[in-house]
Amino acid sequence: MEKPRIAVVGAGLIGKTHASLISESEECVLAAIVDPRDATDELAKTLGVPRLKDFDALLLKDDLDGVIIATPNHFHVEQGIRCLKANLPALIEKPVAHNYAEGERLRAAAETSTTPLLVGHHRMHSPIMGSAREFIDSGALGKLVSISGSALFLKPDDYFVAGEWRTRPGGGPILINMIHEIGNLRYLCGEIVAVQAISSHAQRGYAVEDTVGMVFSFANGAIGTFVLSDTAGSARSWEQTSQEDRRYPSYSDEDCYHIAGTDGSISLPTMRVKRYPNQDERSWWKPFKCSSIEINREDPLKAQLSHFCQVIQGNLKPRVSVHDALQNLLITDAIVEAASCGRTVDIKQFRKHLLDNTMNSA
């Protein structure tokens, strides 16, 4: 196959980013931008591609090899299914669906199709994450015991002025930001089987949370704690520590994840490691051997695009499937439920509850 010709559907912030990355890439070609807003004409003109007004017009094109869906969340499932029917590989931005039941519909369609769908959890393409996963899988930490993490940052007031919906339920950091962290935690530490959470909106007073504390139970027996806040004057977030997105100021002395096992620990993204030099003499009285894993940084969005090109060409399977992305959405929904009800939410039972409610309301 020649360089894949890829169209971007949706010219919002992330859609524009995808379009620019494709236009700069040596692995693919930007074929079109799809957006109903006439203001998108200027972007299309700058990038030298046609601007189509709707998805129907896109599917009439016979020179496409792939599609990136960067539309509002409630379009993701239907547009993803239409790509499957048209045999067009698609990269669907996260969240994969606007609710879990609709996501299950897309998953069922994807698993009975030979056309691949990749979901845009771009951190799964981070070399830092890949190195940490390889280190943990090597058994160097022993059995995983605990995970502590944070996503602490401060969104400015104009963020809420520009989008008033962010002040209402569904617009808080649980559903907007936490889904990235869930993807990271599952990738590094395994499946989450139960969630506890408590939330507060004490700082801004909006109807939506601004700070959340969470406890996770993992299938391997490890326990995780996590604090999320979009009103904290802190740099302990992935964006402000990983140095992968240069738009954010970063601080090389900060970590946002600490993963401990029976034999040692690793902190991310500095990749600082502490291990007992003699595994037969493990004790808090014994000093650790301290080291660091070499860090290779690469823009994960660029790496994701390269991966998508390989998926289109049939060389690789999607690194993040609809099933994987749907599990992230399920855990995020469970956090909302746990914070609301004040009880531990069992993930398996919660999934059954969501599907039963969908069937009863059909």
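- A ring-centre distance under 6.0 Å is found for His307 and His125.
- No single ILVMFWY cluster, assembled from side-chain heavy atoms under 4.5 Å apart, contains both Ile174 and Leu152.
- In this pair, His98 and His74 present their aromatic rings perpendicular. The plane angle is above 60°, beyond the 30 to 60° band.
- Ring geometry for Phe216 against Phe218 counts as perpendicular: the plane angle is over 60°, on a 0 to 90° scale with 30° as the lower cut.
- Within a 6.0 Å sphere centred on CD1 of Ile198, other residues, nucleotides and ligands contribute 12 heavy atoms or fewer.
- A donor-acceptor pair under 3.5 Å is absent between the side-chain atoms of Gln79 and the main chain of Ile69, judged by distance alone.
- Taking the ring pair (Phe, Tyr, Trp, His ring centres under 6.0 Å) definition, one finds that His122 meets it with His180, sequence neighbours left out.
- Of all the heavy atoms in Ala44 and Arg51, the pair that sits closest is CB-CB, 3.7 Å.
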**Request:** Show your working on side chain to side chain donor-acceptor pair (under 3.5 Å) between Ser267 and His258 and close with a plain yes or no.
**Result:** CA-CA 4 Å; Ser267 298; His258 181 75; 2.9 Å; yes
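- Checked by atom type, the side-chain pair Glu93/His18 shows a donor-acceptor distance below 3.5 Å.
- A cation-pi arrangement is absent between Arg82 and Phe55 under the rule of less than 6.0 angstrom and at most 45 degrees off the ring axis.
- Both Ile295 and Met124 are part of a single hydrophobic cluster, where members link through side-chain heavy atoms under 4.5 Å apart.
- Between the side chains of Thr270 and Arg272, at least one donor-acceptor pair of N or O atoms lies under 3.5 Å.
- Phe160 pairs by the ring pair (Phe, Tyr, Trp, His ring centres under 6.0 Å) definition with Tyr206, not counting sequence neighbours.
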